[in-house]
Amino acid sequence: PPCFGDLLGSIDLGVFGGTNTFAYSWTPSVGTTPSVSNLSAGTYCVHITDSNNCAFDTCITLTEPTALVIDSLRSPVYPGGWNVSCNGGTDGNIFSYEHGGTPSYTNYWSNGDTTQNTLNVSVFTYYLTVTDMHGCTATDSITINEPQKISTTVTANVPVSCFGDS
């Protein structure tokens with residue numbers, strides 16, 4: 001199977017010699033023909049008998065890659081614990097770390113970036129889909145945060161009524 005956990009494996013036997021017609025008995029039971037499909041990773045054994053009751057046994061092991069996983073999405077933190085330095089800023093960065101599946105990987109971020117890391121981002125929830133060379137996918141998301149907007153308060157001052165007064 002091309003992706004971890006898929007049921008896309010298949011076995012096609014070519015049988016030579018013996019006396020035609022052949023009977024096929026698979027273990028585990030997946031069919032009675034020389035070609036079987038929709039298989040998961042594992043070992044499949046077949047007992048082949050010809051029309052003279054001559055027999056042959058063989059086993060085939062189907063493998064699969066490890067699961068494609070996004071280990072983490074990380075964004076550096078500015079002082080105060082924010083992913084963007086100032087309110088309304090676009091200086092956030094997100095770094096992705098993935099493994100498994102079958103390299104090479106393609107990356108697609110919800111902001112349209114197609115690089116492993118997306119840089120100079122603003123406040124938003126970003127989604128990443130990583131696809132390996134067989135089309136297997138993994139997804140994850142991260143939310144970028146920012147500090148509150150700087151604001152001020154003005155304390156009312158009593159105006160001086162005449163020049164020179166205090």
Flag for [Y]-[X]: side-chain donor and acceptor within less than 3.5 Å:
{"X": "Asn120", "Y": "Thr90", "value": "no"}
{"X": "Thr43", "Y": "Thr61", "value": "yes"}
{"X": "Ser10", "Y": "Ser37", "value": "no"}
{"X": "Thr114", "Y": "Asn107", "value": "no"}

How many angstroms lie between atom [atom1] of [X] and atom [atom2] of [Y], to the nearest 0.5 angstrom?
{"X": "Ile94", "Y": "Asn83", "atom1": "CD1", "atom2": "CG", "value": "8.0 Å"}
{"X": "Gln116", "Y": "Leu128", "atom1": "CD", "atom2": "CG", "value": "9.0 Å"}
{"X": "His47", "Y": "Cys59", "atom1": "NE2", "atom2": "SG", "value": "12.0 Å"}
{"X": "Cys3", "Y": "Leu8", "atom1": "SG", "atom2": "CG", "value": "7.5 Å"}

Kindly state each residue pair satisfying ring-ring contact (aromatic ring centres under 6.0 Å, His included) with at least one member in residues 110-141, sequence neighbours excluded. Phe124-Tyr126
Taking Ser72 for its side chain and Arg74 for its backbone only, find out whether a donor-acceptor pair lies under 3.5 Å. no
Under 3.5 Å, is there a donor-acceptor pair between the side chain of Trp26 and the main chain of Pro34? no
Please lay out, stage by stage, how Asp50 and Thr21 fare under the test side-chain hydrogen bond (donor to acceptor under 3.5 Å, both in side chains). CA-CA 6 Å; Asp50 72 5; Thr21 306; over 6 Å; no
Between Tyr44 and Ile11, is a side chain to side chain contact (heavy atoms under 4.5 Å, CB included) present by the stated rule, with each step listed? CA-CA 9 Å; Tyr44 298 86; Ile11 301 171; 3.9 Å; yes
Going through the distances and angles, do Phe4 and Leu68 end up as a side chain to side chain contact (heavy atoms under 4.5 Å, CB included)? CA-CA 8 Å; Phe4 180 82; Leu68 176 60; over 6 Å; no
State yes or no: do Tyr105 and Phe95 share one hydrophobic cluster built from I, L, V, M, F, W and Y residues joined by side-chain heavy-atom distances below 4.5 Å, directly or via other members? no
The single option from Ile142, Ile144, Asn93 passing side-chain contact (heavy atoms from CB on, under 4.5 Å) against Val121: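 When side-chain contact (heavy atoms from CB on, under 4.5 Å) is applied between Val121 and each of Ile142, Ile144, Asn93, only Ile144 qualifies.
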